[in-house]
Amino acid sequence: MSDFELLDPSGIPYGPGAAGAGDGGAAANGPDPLVDGLNPAQARAVVARGPALLIVAGAGSGKTRVLTHRIAHLIRNREAWPSQILAITFTNKAAAEMRERIDGLLGSGAEGMWVSTFHSACVRILRREAERFGYVSGFTIYDSADSRALLKRIIKELDADTYGFTPANAGSKISRLKNELTDADAYSKTMNESDPRDRLFVEIFKQYEQELRRANAFDFDDLIGQTVHLFRAHPDVAAIYQRRFRHILVDEYQDTNHAQYSLIRELTRPVEPEEVERLVPPIRDRELDASGRIPAASLTVVGDSDQSIYAFRGADIRNIVEFERDFAGAEVVKLEQNYRSTQNILTAANAVIGNNFDRQEKNLWTAEGDGERIVGFTGYSQHDEARFVAEEVEDLHRAGLNYSDIAVFYRTNSQTRALEELLIRSAIPYRVLGGTKFYERAEIKDAMAYLTSIANPYDPITWSRLLGAPKRGIGPMAEAHLANFQEAQGINFHEAMLRCDELSFGPKVRGAILSLAEMLTRAAKMAAGDPEHDQAPAPVGDLLKLILDETEMIEKLRAKRDPQDDARAENLEELVAVAREFDVKQPGAGLIAFLTEVSLVAAADDLDDSSGTVSLMTMHTAKGLEFKAVFITGVEEGLLPHQMSVDEVGGINEERRLMYVGITRARERLYLTLASTRAVFGDVSVAMPSRFLQEIPEGLIDWRQSPGEVTSRGGTESRALNAPRGSGYGGSGSGSRSRTDSSVSFGSSGGYSSAAVSEPASGNMQSALDKWRERKKAAKQAQAAGGGFPNTIMGNVRDNGDMELAPGDRIRHDEYGEGRVSAVTGAGSKRIAHAVFDSVGERKLLVKLAPIEKLE
DNA sequence: CCGGAGGCGTTTTTT
DNA sequence: ACGCCTCCGG
């Protein structure tokens, strides 16, 4: 991504044919592999020409196929060079796939085509044009954590926390405004002058903008917003891109926000004659229309308003609803035939989404037949639910399904804990997409801070981070002195550190600063290379290795006793591997390209079809993906729809669309699971089945265990169990709570709390506390020894140590009963026993953790 | 200046 | 229940 050419590789600028004048039916006679095999609507979407095209693409209706064929069709018919095409996708992975498929359709030569996300495309433009508005090309891209760190400083400085401002709430408000293309100045004109809180917010916003600029940094929202700003403030720059991109295609258009919409608007403006004159290289006559303008690029958007699920980050459904009014001469093509799912799954999806009153009628259908019924299951708790998922995954796998054909969805990331625990125990390979991502881990951010600072030595957030990692005796005091010096002298942080003799530091601190500065300077030289001495820029892997070696970050982690630190050291080694891989895949691309790629990875980019693992993700991350078997978990009121959404206008409808997205990801098998109690913040509470379940026709769901069964059974059991117990904490008010069944709760929390209450009676408060602490410590140690997976439930922790199992051994499992080991595979803590149980048949168990004992 | 311990807020979804 | 942050003792 070092540079880009405005000319086609063939050397002929803006060439083949008169752009925009194609008649669309180029290959009307004779077979055309790009159109044959498509249904009439799809074919129309491929060959339609004109200023604007909206493809309303229902879930699974083959829109990716249509998009790739459309682009290939344009190129093959010589209506456009690849370099004249800009295709916007939702994730980097989707972009890579689309490029590959187009390559496949054309045989070769889709180079020069821009296929990327909004954010990547904008970074590319901004890096190229940064100097025009006071940035330099090596600018840092702040992720939300960096933004929050900056806001935290500003809020502290302004004492704004006393007015209830937090980095999070100020950040989300700023983000919302930026998505509307409102900057601090514009906002200050519309605000309520008499509200001190509003005035303070404007001050925060202003300082935030200033600090970003001083740091030579953009936040996520800036990437889009500043590009729009660039185009509006510099028509000559805009003209370069307006001229270059003759065909713009945008996927998932229903999830574009105002800033993204504005970007598209800017890019699809004609170039006026006065700008045409200033363009270099010179314009050919055939690029111009009769009035001397370069005509507007043709725009194709693909979307489905039923799948709009990003309103919370500013997505505006009106962009797609009003498209026809917005872009004169727009044609609309509807794709309703589904090629992905069975009819049962589609019927359920249609039934659910049909409850949204504010939509256009649309029905998905398939020619493929009904398929299996949807399976429903209600567990007593989220662990019960997770156990069902794990067992069912194993059954599917035994039935011949690859693990990578299976996905488990949930509404919130916190739901992964219970699922992971059961998957680990069942020895099912899985992968969590999104959540706490690799690049968000502290140790990774620490190491990345060095690389970022090399590219942008003006960035205080990054610099502050690397000063303290690893600990080297440079604390907040030293940092503040250096930062003041840096600002006063107008130099960058590395220079300020090199000149720390001019400040009065003690010898120890001074030495630490100088050796750090020396290392950074050396690394920066390596990164830049030296063209005069024929020295190429150093590979990113070498830079990273230098940093890790000199700082001894890995060694220091290994020296600690905490097993978590071993995992951190491994993560750093993994990072080196990632960098090396980047160097191989994009030789000579350079440090900035690496940093950009890392900043813009999306959750779904991690998906690897060949990994052979079950995929866990939120339903948001699942958008655009498909799997043979899909589990939607936590289908409960308060979770799906989420509690937070019920008060928001349109909140429920958006949740319903989310459910719709989830359902329509499934090709063959769909499971809907829930639990009748769920632990939230540690407290167990009763969960009700989601309203969305009632919207699915009854006969479609095969309930293995219905919500009704569990409530009645669990209720009876739990009442007997908890009869003397009162509500909440104190157990003394017993019996006062037996009015309705809905207030019963299960699980161990009741047991624990009554034990805690009775403790003071038999001793003093102190000893009870000590005992509790000891228990907690023991649990922690056991967990660490057991491989350290998160959120093990206390009392459930197991460690079978080095239990020896051999084929033929009899074992007893807490849930499955007795069985016989048929084989043992794997090694060490990952040893897996394959066993046949008398009651439930074949199961795989992780020897170290499974609740089993060996029978003699 | 650094590490541990206790206190507090946290969870809706993401580029 | 957990992790982050702050406060306190070396």
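Keep in mind that this is a model prediction, so the values were computed, not measured. Proteins come first, then strands; the chains are lettered A, B, ... in the order of their sequence lines, and each starts at number 1.
- Between A:Ser414 and the phosphate of B:dT12, there is no side-chain N or O to OP1/OP2 separation shorter than 4.0 Å.
- Between the side chains of A:Thr596 and A:Arg127, at least one donor N or O lies within less than 3.5 Å of an accepting N or O.
- Under the 6.0 Å distance and 45° angle rule, A:Arg665 does not count as a cation-pi partner of A:Phe409.
- Among the heavy atoms of the strands, none lies under 4.0 Å from A:Arg657.
- Comparing B:dT15, B:dT14, B:dC2 by their nearest atom to the side chain of A:Lys471 picks out B:dC2.
- Evaluation of the side-chain contact (heavy atoms from CB on, under 4.5 Å) rule for A:Ser147 yields A:Tyr142, A:Tyr208, A:Asp219 as partners, not counting sequence neighbours.
- Per the geometry, CD belonging to A:Gln307 stands 20 Å off P belonging to B:dT13, to the nearest Å.
- Rounded to the nearest Å, the gap between the P atom of B:dT13 and that of C:dC4 is 16 Å.
- Using a 4.0 Å heavy-atom cutoff across all strands shown, A:Thr621 reaches sugar-phosphate atoms only and no base atom.
- Looking at every heavy atom in both residues, A:Asp605 comes nearest to A:Asn92 through OD2-ND2, 2.7 Å.
- Contact between the side-chain N/O atoms of A:Asn413 and the OP1/OP2 oxygens of B:dT12 is not found at any separation under 4.0 Å.
- In summary, the side chains of A:Gln415 and A:Thr412 do present a donor paired with an acceptor at a separation below 3.5 Å, with no hydrogens or angles considered.
- Comparing B:dT14, B:dT15, C:dC5 by their nearest atom to the side chain of A:Tyr310 picks out B:dT14.
- A:Phe118 comes within contact range of no nucleotide atom at all, as no heavy-atom separation falls under 4.0 Å.
- Side-chain atoms of A:Ser305 and A:Gln254 include no donor-acceptor pair closer than 3.5 Å.
- Against DNA chain B, the stretch residues 640-652 of chain A makes heavy-atom approaches under 4.0 Å through A:His642, A:Met644, A:Glu648.
- Annotation: of the two residues near DNA chain B, A:Arg411 and A:Val509, the 5′-most nearest-nucleotide partner is A:Val509.
- A:Arg417 places its CZ atom 9 Å from the C1' atom of C:dG3, with the value rounded to the nearest Å.
- Not counting sequence neighbours, the partners of A:Arg313 by the side-chain contact (heavy atoms from CB on, under 4.5 Å) test are A:Phe90, A:Tyr310.
- Proximity note for A:Phe312 (side chain, C-beta onward) versus B:dT14, B:dT11, B:dT15: the nearest is B:dT14.
- Remark: P of C:dC4 and CD of A:Glu440 are 12 Å apart, rounded to the nearest angstrom.
- Residue A:Glu655 has its side chain nearest to B:dT12 when only B:dT12, C:dC2, B:dC1 are considered.
- In this structure, CG of A:Asn169 is placed 12 Å from P of B:dT11, rounded to the nearest angstrom.
- A:Glu654 places its CD atom 12 Å from the C1' atom of B:dT14, with the value rounded to the nearest Å.
- In this model, the phosphate group of B:dT14 is not approached by any side-chain N or O of A:Ser144 to a distance below 4.0 Å at OP1 or OP2.
- In this structure, A:Tyr142 atom OH and B:dT15 atom P are separated by 20 Å, rounded to whole Å.
- The A:Thr412 side chain lies nearest to B:dT13 when the options are B:dT13, B:dT14, B:dC2.
- For the pair A:Leu639 CG and B:dT13 C1', the computed distance is 12 Å after rounding to whole Å.
- Here the CG-CZ distance, from A:Asn356 to A:Arg657, works out to 6.0 Å after rounding to the nearest 0.5 Å.
- Straight-line distance from the CZ atom of A:Phe90 to the P atom of B:dT14: 10 Å, rounded to whole Å.
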